Amino acid sequence: MLKIHNSLTKQKDIFTPIEEGKVSLYVCGMTVYDLCHVGHARVMVVFDVVVRYLRSVGYDVTYIRNITDIDDKIIARANENGETIQALTERFIDEMYQDADALGTLRPDQEPKATESMPEIITLIETLIEKGFAYASDNGDVYYDVSQFDEYGKLSGRVIEELRAGERVEVNEQKDDPLDFVLWKAAKSGEPAWDSPWGQGRPGWHIECSAMSATCLGEHFDIHGGGQDLQFPHHENEIAQSEGAHGCQSVNYWMHNGFVRIDDAKMSKSLGNFFTVREVLKQYAPEVLRYFILTSHYRSPLNYAEDQLEQAKATLTRFYTALRDVAAAEVRWQDDKDYGARFREAMDDDFNTPLALAILAEVRQALNKADPQEASYLAGLLVCLGAELGLLQQTADAFLLGDDDDSEILTLIEQRNTARAEKDWAAADVARDSLTAMGIVIEDGADGTSWRRI
RNA sequence: GGCUGCGUAGCAAAAUGGCCAUGCAGUGGAUUGCAAAUCCAUCUACGCCGGUUCGACUCCGGCCGCAGCCUCCA
């Protein structure tokens with residue numbers, strides 16, 4: 001029985017889909033004006049695992065992740081760079097795919113873009129005005145009237161009066177109330193703009209997700225995900241918009257993943273303390289980053305540190321070492337009564353990937369001890385369990401050896417083995433020292449010498 | 001100030017009212033020409049103070065410390 005921690009109820013709820021056997025999932029994606037950083041990687045990997053797991057236990061999942069391709073930052077960056085908004089966003093959408101693909105994340109079923117959803121966005125704003133949840137101001141802005149939505153604050157646990165007391169909301173003369181938020185922004189000169197009943201303008205940030213989720217998944221769907229920082233105000237506002245306009249509950253389960261931190265501070269663009277996925281992948285295999293992300297539960301903070309990546313790398317090396325030279329059998333983990341059952345228990349408990357990885361480690365150890373027939377089964381089990389986490393899907397050689405030229409390595413190994421055959425240990429060690437200097441580790445086994453890169 | 005969440009061994013990270021997490025690192029042993037890999041064994045825990053209980057890392061209360069949100073942010 002799958003349980004999901006629901007930000008709306010603040011507890012683990014038993015997951016019951018709206019329509020039996022089907023799951024509709026919407027995840028807030030990237031604003032495309034720069035490269036993805038490790039925080040973005042976490043969202044991608046976490047929800048990738050959610051999708052993989054839900055599918056593996058039989059759900060027909062529709063996975064939507066939007067792309068925000070128009071907003072203040074995009075406009076500012078395009079101006080800075082002296083390029084068009086379209087050129088900028090297309091470039092970074094392409095970069096995003098490079099990172100997402102490297103990390104082995106499955107493509108969402110649909111990736112709606114804000115700029116391609118204008119009719120839906122405008123219709124939604126019109127509905128909100130008709131129903132009295134929104135008002136147009138003199139300058140062509142349209143605002144959501146927070147006081148009209150009784151349940152405002154239900155997701156983030158906020159109370160309107162307290163927000164007002166906070167006094168940190170900037171005063172804007174166009175708004176009736178400082179807490180009201182913008183649905184449609186009137187265009188300033190030179191800004192990209194779309195026609196609307198309120199004049200030329202562009203959508204506010206929150207409205208696009210309400211429009212696109214309803215378009216792709218309907219007015220009421222199962223799971224909405226995103227980073228914890230989106231819980232307020234973005235998701236709170238999304239609820240106000242969707243539920244105000246549609247008059248029904250919009251989302252059953254809200255999932256929020258924790259932050260990536262550096263030195264105990266949130267990794268963020270505004271603090272400037274971020275690593276891009278691209279930078280990390282220069283030094284580590286994508287699978288290492290993915291493994292690192294999954295070593296922590298998705299709701300916990302994840303402290304980014306190089307030695308943690310080294311640990312992840314060492315662990316993966318052991319997994320692939322165990323898989324090396326074993327012909328993996330075709331196995332369905334769902335049929336395995338021991339490890340498979342415990343894996344399911346772990347994942348059913350709000351996607352507990354650290355516990356799931358502990359079970360994979362047990363399989364690995366059993367595999368190392370097993371006789372050939374059992375080994376083949378356990379290797380198959382390991383690979384198919386790994387698949388649900390997006391791990392262990394390469395060949396052992398691809399991970400351990402890489403695909404750089406290895407002729408020199410093979411020559412040295414041959415030299416060393418010739419020396420060993422003659423019991424010329426000094427010469428053998430010279431060859432090995434050369435290999436060590438090249439970052440190569442040698443392993444003499446019963447049937448020959450194998451090697452791997454450090 | 002308001003609202004969340006967290007504090008587990010050298011590092012990372014789970015579960016659990018009474019028994020093993022797990023990974024990386026360390027130590028001892030087996031194995032090896034020596035290594036590596038592997039196996040066996042093993043050392044380090046539950047922020048502090050009270051309470052509930054036969055028994056608490058686990059439940060309750062207080063304290064301390066940390067992070068996040070309240071403003072753009074995955």
Side-chain angles (χ1 to χ4, degrees), chain A residues 7 10 27-31 36-47 65 68 71-73 76 153 156-159 161-170 179 205 225-234 236 256-261 264-271 274 291-292 294-297 299-303 305 307-319 321-322 324 345-346 349 352-362 364-365 367-369 400 419-420 423-426 428-429 432-433 435-436 440-446 449-452 454:
Chain A
S7 306
K10 289 158 189 64
V27 175
C28 283
M30 260 53 76
T31 301
C36 293
H37 63 226
V38 179
H40 298 114
R42 191 177 193 190
V43 184
M44 293 195 275
V45 168
V46 161
F47 288 101
R65 188 178 62 205
T68 298
D71 91 322
D72 292 353
K73 285 186 174 165
S156 55
R158 260 152 253 260
V159 181
E161 291 71 50
E162 283 169 1
L163 282 170
R164 207 160 271 146
E167 280 298 328
R168 289 184 61 182
V169 183
E170 230 174 86
L179 297 183
W205 174 36
Q228 208 166 47
D229 43 3
L230 299 183
Q231 194 170 340
F232 189 90
H234 186 236
E236 193 67 65
H256 292 100
N257 65 275
F259 298 127
V260 177
R261 295 193 207 165
D264 288 323
K266 177 185 169 185
M267 179 184 287
S268 74
K269 297 229 164 153
S270 35
L271 291 175
F274 62 91
Y291 187 94
F292 164 67
L294 296 176
T295 55
S296 149
H297 183 86
R299 283 188 288 117
S300 302
L302 176 65
N303 215 7
D307 62 311
Q308 294 313 312
L309 287 168
E310 289 294 338
Q311 283 191 18
K313 183 178 168 181
T315 307
L316 274 174
T317 300
R318 297 215 164 171
F319 273 113
T321 305
R324 184 171 58 185
E345 225 175 284
D349 185 11
N352 191 336
T353 55
L355 189 54
L357 289 174
I359 292 158
L360 296 217
E362 286 183 48
R364 190 208 72 200
Q365 195 155 32
L367 165 58
N368 281 329
K369 286 190 262 189
L400 297 171
R420 286 173 70 219
K423 296 204 191 304
D424 183 354
W425 308 126
D429 287 346
R432 185 169 58 200
D433 289 345
L435 287 160
T436 305
I440 304 301
V441 175
I442 292 301
E443 290 160 12
D444 297 325
T449 298
S450 47
W451 61 278
R452 62 187 160 86
I454 295 176

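Just so we're clear, the structure is a prediction, and the values are computed from it rather than from any experiment.
Within the 3.5 Å criterion, the main-chain N or O of Arg420(A) finds no donor-acceptor partner in the side chain of Lys423(A).
To the nearest whole angstrom, the two P atoms, one in rG28(B) and one in rC59(B), are 39 Å apart. Straight-line distance between the C1' atoms of rA56(B) and rG50(B): roughly 14 Å, to the nearest whole Å. As rounded to the nearest Å, rG29(B) and rC19(B) have C1' atoms that lie 27 Å from one another.
A donor-acceptor pair shorter than 3.5 Å can be found between the side chains of Thr449(A) and Asp444(A).
Residue-to-nucleotide contacts include a donor-acceptor pair under 3.5 Å from the side chain of Gln311(A) to the base of rG23(B). Checked by distance alone, Lys73(A) brings a side-chain donor or acceptor within 3.5 Å of a matching partner on the base of rC72(B). Side-chain N/O atoms of Arg432(A) and base N/O atoms of rA35(B) include a donor-acceptor pair closer than 3.5 Å. Remark: the Asp229(A) side chain and the rC70(B) base include no donor-acceptor N/O pair separated by less than 3.5 Å.
Helical stems of RNA chain B (runs of at least 3 Watson-Crick or G-U pairs, donor-acceptor distances under 3.5 Å) are listed by first residue: B:1-7 with B:64-70, B:10-12 with B:22-24, B:26-30 with B:38-42, B:47-51 with B:59-63.
Within a heavy-atom distance below 4.0 Å of RNA chain B, the residues of residues 39-46 of chain A found are Gly39(A), His40(A), Val43(A).
rC39(B) takes the anti form, because its glycosidic angle lies more than 90° either side of 0.
Nearer to the 5' terminus of RNA chain B, by closest-nucleotide assignment, is the contact made by Ile442(A) (compared with the other of Ser268(A) and Ile442(A)). Where Gln365(A) and Pro354(A) each meet RNA chain B at their nearest nucleotide, the meeting point lying more 5' is that of Pro354(A).
Contact annotation: Thr31(A) reaches the phosphate of rA74(B) (side-chain N/O to OP1 or OP2, under 4.0 Å).
Minimum atom distance to the side chain of Glu443(A) is reached by rA37(B), of the listed rA37(B), rA13(B), rA67(B).
The existence of a salt bridge linking Glu236(A) and Arg158(A) is excluded, since no basic side-chain nitrogen approaches an acidic carboxylate oxygen closer than 4.0 Å.
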